[in-house]
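Single-structure report; data block below.
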Amino acid sequence: MDNPSVLYCSSSCPLTPTSRRRWLPPEPGSAEDFFPLSLNVMWGCMCVMFFIVVAMGAFGEEKDPALCRMLGRPEFPLLSRKGDIIIGGAFSIHSHISQPSLTLTDTPKPLICSRINLREFRFAQTMIFAITEINNNHTLLPNISIGYQIFDTCGSVLPSMQAVMGLMNGQEKTLGKTCSGQSSAHFIIGASESSSTIVMLQISGIFQIPVISHFATCACLSNRKEYPSFFRTIPSDYFQSRALAKLVKHFGWTWVGAIRSDNDYGNNGMATFIAAARQEGVCVEYSEAISRTYSSEQVERVVSVISKGSAKVLIAFLAQSEMSIFIEEALKQNLTGLQWVGSESWITASHLANRKYASILMGALGFTIKKTKITGLQEFLYNFWESTFDCSLEPDVHDQTKCSGSERLQAINNSFTDVSELRISNNVYKAVYAAAHAMHAMLKCEQQSDVAVEHLQNVNFTLQSGEKVYFDENGDPSATYELVNWQRNEAGDTVFVTVGSYDASLPNGRQFTMKELNITWKSGSSKKPQSVCSESCRPGFRQAVIKGRPICCFSCVACAAGEITNSNSAECSRCPLEFWSNEDHSDCVPKVIEFLSYKETMGTLLSAISVFGACLTLGVLCVFFWFRQTPLVKASNSELSFLLLFSLILCFLCSLTFIGEPTEWSCMLRHTAFGITFALCLSCILAKTITVVMAFNADRPAHTVPQCSAPFQRTSVLGCTLLQVVVCVLWLTISPPFPNKNTAHATERIILECDLGNSIGFWVVLGYIGLLAMLCFIFAFLARKLPDNFNEAKFITFSMLIFCVVWVTFIPAYVSTPGKFTVAVEIFAILASSFSLFFCIFAPKCYILLLKPEKNTKKHMMGRE
């Protein structure tokens with residue numbers, strides 16, 4: 001990687017690094033890719049260099065080679081070791097830094113750091129331990145040694161900037177003829193603070209040097225557009241806040257209070273928690289802030305607000321310093337009876353886990369980084385003596401005794417040698433191994449990529465402890481936490497007991513693994529507390545938001561018809577299309593399917609009338625057959641009369657096809673049978689009326705008139721009927737009727753009916769029947785004044801009048817009547833029109849045949865009596 005400092009050539013041409021080199025150690029003869037960073041500077045430099053080259057060629061002399069020099073002094077690491085691959089480290093080994101005065105005229109004085117932080121020094125030693133372990137590994141990076149350069153950031157921004165410059169520039173003040181060089185560090189582990197990490201990324205990110213942080217939790221660092229080369233082995237605060245929201249939802253706490261540190265840590269973390277809680281259906285009654293700079297009155301007011309609240313669960317997103325101030329005031333006001341849920345900052349703070357605060361904090365829950373055991377680390381740390389025993393291994397050190405070698409580090413208890421709570425140290429360990437695996441993948445790749453970020457993004461391996469290490473698309477690890485619970489041991493001391501875990505990489509519903517039977521709740525209780533604003537609604541009732549209150553505060557309102565709730569829901573669920581709600585609106589039951597059935601009263605009555613009409617017509621047919629040789633039957637055109645009676649029987653019986661559950665075949669049969677049978681019936685009547693009119697209006701005897709002949713009558717009946725058959729066949733071919741579940745007319749039931757398919761076909765069939773009826777009416781009206789003793793035209797006229805009235809009335813009734821009553825209206829029209837034809841045409845004849853046989857003579861028919 002290019003040297004990030006501004007370098008100067010002896011020719012006074014300032015050159016900015018203009019190339020990226022491979023991340024592997026340079027091989028002899030390897031090529032470099034150049035790309036311009038500043039066109040103006042490059043063009044000026046090229047002009048000067050071209051002039052020098054021309055001058056050297058002209059004079060035939062070779063001047064001294066230009067040297068690229070570093071402007072300023074180099075930065076030296078605190079700990080270092082040479083190797084084929086260098087991994088940089090940035091740790092806050094000192095916790096205090098002097099702030100020198102800065103002027104525009106004097107060179108800034110070196111920063112002085114003090115107050116060694118043993119915990120951070122353990123992080124640095126863990127990095128060295130991991131590198132030593134990898135160098136002794138014959139399968140990971142074989143025949144390649146890893147070195148390190150560890151810088152002290154002192155927990156501040158300025159030393160962090162110096163550290164990253166030192167890691168990239170190295171310690172060489174001159175580089176040779178070119179200002180393009182390779183970064184001395186291929187990966188950087190650190191820093192421990194988000195602000196320091198951001199400063200380092202603003203410089204190293206330009207040259208795509210991967211930075212792997214072990215402790216920077218700011219959610220802003222997950223922005224891949226701003227920090228494409230950043231990775232971390234600690235989950236983002238974004239995941240912790242969401243984990244807390246899911247934890248609260250898991251236990252059914254929908255009404256909680258919240259308190260936070262009044263800084264970036266607390267404000268950003270609490271903002272994420274509130275947003276996530278809102279998505280989970282959790283409401284926050286209050287959200288108070290506290291700072292260590294607050295006055296006692298301000299702290300007292302915050303505690304007072306919490307004590308007056310109705311929420312029984314308190315979310316405390318506090319740093320340790322604010323938590324210490326707050327818990328003191330809570331103790332003064334006897335703030336008890338709350339279930340505490342804490343952030344990782346204080347949930348495992350040993351100075352809070354004492355008997356003084358046990359009455360308040362006992363039973364607290366919170367997430368913390370998963371701890372593990374690193375085999376061999378403790379023995380490795382025991383080799384370090386000086387910081388603990390204040391002695392030196394080097395001879396003749398002023399004011400410091402020489403280590404005798406008899407000191408026992410095992411007898412000392414401090415944060416450097418304490419490996420019982422290895423949480424962040426394990427993150428350092430994982431970061432080093434991630435860098436090693438990325439480099440190993442680069443070495444194995446035939447076409448070696450010069451972008452280590454790509455290989456680091458794709459690492460996926462398992463440590464000796466069984467923990468898997470990989471990064472998501474944002475460079476974050478899987479968000480895995482331990483859920484700890486404050487409990488008492490047999491001695492009465494407070495201990496942190498792991499009662500569950502959280503893994504954000506798992507699907508919803510499986511992220512939490514709980515041991516709820518082992519949890520100690522608020523004030524040492526074994527019963528889980530409840531924290532809700534309103535009690536759950538009973539099944540069949542929904543939540544109605546109370547105006548001016550949060551959504552978790554609601555009243556219960558009964559669900560509407562067709563809607564149910566079987567849980568505490570804000571909305572009633574509408575039943576599926578073919579289902580309806582039961583009486584208490586707790587479950588959906590199948591809708592009642594409605595159709596005109598034989599079993600119900602209306603269906604039975606219509607069936608009986610239909611069968612009665614068919615039987616009555618069959619009886620008349622038998623009477624006519626019995627009296628077939630009589631003058632009345634002969635005068636009535638016996639052939640057409642028998643055919644008419646047969647068609648009337650079919651008309652009565654076709655109404656039966658409309659009763660019962662509609663099927664595919666019954667739907668096609670009912671309308672076509674209706675159309676054809678009535679067409680046959682009306683064709684017979686039309687033939688009779690035409691015959692009568694033509695016979696009495698002819699100039700010659702009837703038997704010589706062609707229109708009165710039997711073949712003509714048969715042909716006319718057959719032709720008129722076949723035309724209806726053709727219409728029905730076309731209807732069934734193009735778009736036949738089919739059974740349909742109608743849910744539009746009635747919401748609580750399903751109307752099973754026959755859909756007409758193409759409604760045009762139905763109306764053409766009905767219109768053709770109306771046309772035949774009108775023709776019959778016209779011809780019968782013309783024959784109404786013929787001799788009374790023979791003429792039946794006036795009866796046909798009256799029957800056609802009734803027929804037309806019935807079917808004209810049928811149309812609006814059919815369109816407007818819903819459900820099974822539509823079918824009943826159609827059956828009524830069929831039966832009414834059939835009975836009108838039957839009684840008007842055949843009742844007078846049956847009266848003469850059965851009751852007045854003396855009128856059944858030829859003379860009477862001719863009107864001579």
Side-chain angles (χ1 to χ4, degrees), residues 217-219 222 234-290 306 309 311-320 322-323 326 338-349 352 361 363-370 423 476-486 496-506 508-516 519 521-522 528-532 550 552:
T217 60
C218 180
S222 297
I234 186 172
S236 167
D237 280 338
Y238 171 83
F239 294 103
Q240 182 187 194
S241 299
R242 295 181 65 85
L244 289 173
K246 289 184 178 294
L247 172 68
V248 171
K249 178 63 175 179
H250 175 80
F251 290 120
W253 299 327
T254 58
W255 187 241
V256 300
I259 184 172
R260 67 190 186 276
S261 296
D262 194 7
N263 52 32
D264 289 338
Y265 169 75
N267 293 332
N268 293 335
M270 185 56 67
T272 304
F273 168 78
I274 293 176
R278 188 179 295 113
Q279 294 178 356
E280 298 288 345
V282 177
C283 298
V284 178
E285 182 183 9
Y286 53 83
S287 179
E288 295 293 327
I290 190 173
I306 296 174
K312 302 301 180 183
V313 176
L314 179 62
I315 311 300
F317 215 99
L318 295 170
Q320 289 190 34
E322 282 79 16
M323 184 60 186
F326 176 75
L338 290 178
Q339 176 63 52
W340 290 74
V341 178
S343 61
E344 45 81 27
S345 177
W346 67 267
I347 197 63
T348 55
L352 297 175
L361 295 178
L365 287 167
F367 288 105
T368 184
I369 305 301
K370 188 176 182 180
R423 302 181 188 274
D476 293 325
S478 60
T480 303
Y481 295 95
E482 285 184 347
L483 180 64
V484 296
N485 180 220
W486 288 34
F496 309 130
V497 179
T498 300
V499 295
S501 62
Y502 175 83
D503 190 347
S505 64
L506 297 177
N508 285 333
R510 296 175 53 194
Q511 294 175 336
F512 281 105
T513 302
M514 299 292 179
K515 303 175 184 177
E516 297 186 21
I519 293 180
W521 302 104
K522 62 176 183 178
K528 183 178 72 173
Q530 299 294 324
S531 185
V532 294
C552 298

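Small disclaimer: the values here were computed from a predicted structure and weren't measured.
- Heavy-atom minimum distance, Trp253 versus Gln339: CH2-CG, 3.7 Å.
- The two atoms that bring Pro235 and Ser478 nearest to each other are CG-O, 4.2 Å, heavy atoms only.
- Summarising the geometry of Phe317 relative to Ser241, their closest heavy-atom pair is CE1-OG, 3.7 Å, with the distance given to 0.1 Å.
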* Asked: Stepwise, does the side chain to side chain contact (heavy atoms under 4.5 Å, CB included) test hold for Ile306 with Leu314?
  -> CA-CA 8 Å; Ile306 296 174; Leu314 179 62; 4.2 Å; yes

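- Distance alone, capped at 3.5 Å, is enough to place a donor-acceptor pair between the Gln511 side chain and the Leu506 backbone.
- Aromatic ring pairs are classed by plane angle as parallel below 30°, tilted from 30° to 60° and perpendicular above 60°; the pair Phe367 and Phe512 is tilted.
- Looking at Leu483 and Thr513, their side chains never come closer than 4.5 Å, going by heavy atoms from C-beta outward.
- A donor-acceptor pair under 3.5 Å links the side-chain atoms of Ser531 to the main chain of Lys312, judged by distance alone.
- Judged purely by distance below 3.5 Å, without hydrogens or angles, the side chains of Asp476 and Ser222 pair a donor atom with an acceptor atom.
- The closest donor-acceptor contact from the side chain of Asn485 to the backbone of Gly363 lies under 3.5 Å.
- With rounding to the nearest 0.5 angstrom, the OG atom of Ser261 is 8.5 Å from the CG atom of Asn267.
- When side chains are defined from C-beta on, Trp521 counts as touching Ile519, because their heavy atoms get closer than 4.5 Å.
- Between the side chain of Tyr481 and the backbone N or O of Ser501 there is no donor-acceptor pair closer than 3.5 Å.
- Side-chain N/O atoms of Arg260 and Ser287 include a donor and acceptor closer than 3.5 Å.
- With Glu280 as reference, Lys246 is the one residue of Lys249, Lys246, His250 to meet the side-chain hydrogen bond (donor to acceptor under 3.5 Å, both in side chains) rule.
- Across all their heavy atoms, Met514 and Leu247 have their closest contact at CE-CD1, 3.8 Å.
- Between the Glu344 side chain and the Ile369 main chain, no donor and acceptor come within less than 3.5 Å of each other.
- The two residues Ala364 and Trp346 come nearest to each other via the heavy atoms CB-CH2, 4.5 Å.
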* Go through the steps for Val497 and Val484 under the test side chain to side chain contact (heavy atoms under 4.5 Å, CB included), then give the verdict. => CA-CA 5 Å; Val497 179; Val484 296; over 6 Å; no

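- In this structure, Phe496 and Trp486 have tilted ring planes: the angle between them lies in the 30° to 60° band.
- Nearest approach of Leu318 to Ile290, heavy atoms of both residues: CD2-CG2, 3.5 Å.
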